[in-house]
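Please read the structure below before turning to the comments.
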Amino acid sequence: MKVLVATEKPFAAAAVNEIRTIVDDAGYNFALLEKYDSVEKLYEAVNDANALIVRSDKITQDVLDKANELKIVVRAGAGFDNVDTTYAKEKAVVVMNTPGQNSNAVAELALGMMVYAARGFFNGKSGSELKGKTLGIHAYGNVGRLVATIAKGFGMEVSAFDPFIPADKIEEDGVKVYKSAEELYANNQYISLHIPANDKTKNSINYELTSKMPKGATIVNTARKEVVDEEALVKILEERDDFKYMSDIAPNNAEELLEKFAGKVYFTPKKMGAQTAEANINAGIAAANQIVNFFKNGDTTFQVNK
Ligand code: 3PG
């Protein structure tokens with residue numbers, strides 16, 4: 001049984017060691033492909049793999065077609081928009097994620113980006129504080145909930161919108177609930193995005209929503225670049241001097257935005273949200289255990305393509 005860890009953006013070494021130990025202890029063979037610079041290298045490595053652990057690596061139809069022995073792909077992380085789950089299902093390949101395992105790292109980065117925006121990207125000039133400011137959390141999943149907890153520590157007034165979570169569950173955390181995205185955006189200076197990228201959410205953060213935000217608006221995107229309508233972003237940034245956009249990974253029109261709106265936009269060079277040793281270890285261990293549990297006990301608890 002070959003378990004391949006294929007990560008273009010590598011895990012911390014400690015996480016790789018933990019995964020290796022779990023795989024070895026189960027009596028399986030461990031294989032590692034890191035920082036690969038061509039998809040051909042991935043094709044070659046998956047050829048005889050029975051199980052695959054990935055991060056944001058694109059597991060396309062072509063990759064799956066090359067992986068003739070593959071039974072399971074675990075995306076060590078939350079969002080699985082990088083895996084062709086439908087095609088995997090056709091090929092009877094189970095796809096799982098590891099929800100919650102890297103959430104704290106992402107939540108901390110979201111707050112870090114808020115501070116960075118509030119302090120004018122550390123430009124030495126007088127900025128503002130997060131205390132007393134309004135924060136709207138768009139989707140109250142594992143990351144959204146942690147962002148709420150940390151933001152309350154900063155003294156922010158926290159609210160959320162999530163059509164899939166009962167209002168009383170959110171209110172239990174002392175978080176105000178809005179019944180629509182429109183209301184969330186209209187009532188918050190800071191918006192933190194935590195929606196997944198799918199057909200319904202792509203480009204959904206549009207001009208209609210962003211233009212509703214009050215003065216001193218900042219959107220922090222540690223979710224997926226695809227959920228923000230990039231043309232709408234240009235329009236709102238052109239119209240409003242008080243509008244900032246902070247994103248963990250650059251949008252497709254990053255060059256244009258950085259040139260036109262310096263000091264109002266910031267993008268990480270590589271997706272950084274889950275890039276901590278702790279998150280890597282948590283997600284890596286969970287992924288390896290889920291694979292062992294799947295092969296030994298048929299456990300499909302975290303399958304996302306049932
Ligand atoms: C996730 O969906 O878990 C995060 O976006 C992390 O992605 P990464 O593993 O590529 O850093």
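Values reported hereafter were calculated over all heavy atoms of this structure, with side chains retained and with hydrogens, waters and symmetry mates removed. Start at 1 and go down the list; that is how both ligands and their atoms are numbered.
To the nearest 0.5 Å, the span separating CD1 on Ile236 from NZ on Lys244 amounts to 14.5 Å.
A salt bridge links Asp65 with Lys91: at least one charged nitrogen is closer than 4.0 Å to a carboxylate oxygen. Remark: Glu238 does not engage Lys235 in a salt bridge, criterion side-chain N to carboxylate O under 4.0 Å. Lys212 has no carboxylate O lying under 4.0 Å from a charged side-chain N of Glu183, or vice versa, which leaves the two without a salt bridge.
The single protein non-hydrogen atom nearest to atom 4 (C) of ligand 1 is Lys271 NZ, 3.6 Å, given as residue, atom name and distance. Of the protein's non-hydrogen atoms, the one nearest atom 11 (O) of ligand 1 is Lys9 NZ, 2.7 Å. Ranking protein heavy atoms by distance to atom 10 (O) of ligand 1, first place goes to Ser56 OG, 2.5 Å. The shortest contact between atom 9 (O) of ligand 1 and any protein heavy atom is with Arg55 NE, 3.0 Å.
Between Phe161 and Tyr178, the gap from one ring centroid to the other reaches at least 6.0 Å.
Scanning Arg75, Lys270, Gln101 for the heavy atom closest to atom 1 (C) of ligand 1 points to Arg75.
Taking 4.5 Å as the limit, some side-chain heavy atom of Ile219 sits within range of a side-chain heavy atom of Met213. At a threshold of 4.5 Å between non-hydrogen side-chain atoms, the residues Val234 and Leu257 count as touching. For the pair Gln61/Glu90, no side-chain contact is recorded, criterion being any heavy-atom separation below 4.5 Å from C-beta on.
For Met272, the heavy-atom gap to ligand 1 stays at 4.0 angstrom or more.
Under 4.0 angstrom from ligand 1, the non-hydrogen atoms of Asn102 all belong to its side chain. Residue Gln275 does not touch ligand 1, judged by heavy-atom distances below 4.0 Å.
Considering backbone and side-chain atoms alike, Gly79 places an N or O below 3.5 Å from some N or O of ligand 1. At under 3.5 Å, a nitrogen or oxygen of Ala78, whether backbone or side chain, sits near a nitrogen or oxygen of ligand 1.
Atoms of ligand 1 found under 4.0 Å from any heavy atom of Arg224, numbered from 1 in the order shown, are 1 (C), 2 (O), 5 (O). Of all the atoms in ligand 1, the ones that sit under 4.0 Å from a non-hydrogen atom of Ala274 are 6 (C), 11 (O). For ligand 1 and Gly77, the ligand atoms under 4.0 Å from any heavy atom of the residue are 3 (O).
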task: Please test Tyr28 against Val292 for side chain to side chain contact (heavy atoms under 4.5 Å, CB included), starting from the C-alpha separation and ending with a verdict.
output: CA-CA 9 Å; Tyr28 304 155; Val292 174; 4.1 Å; yes

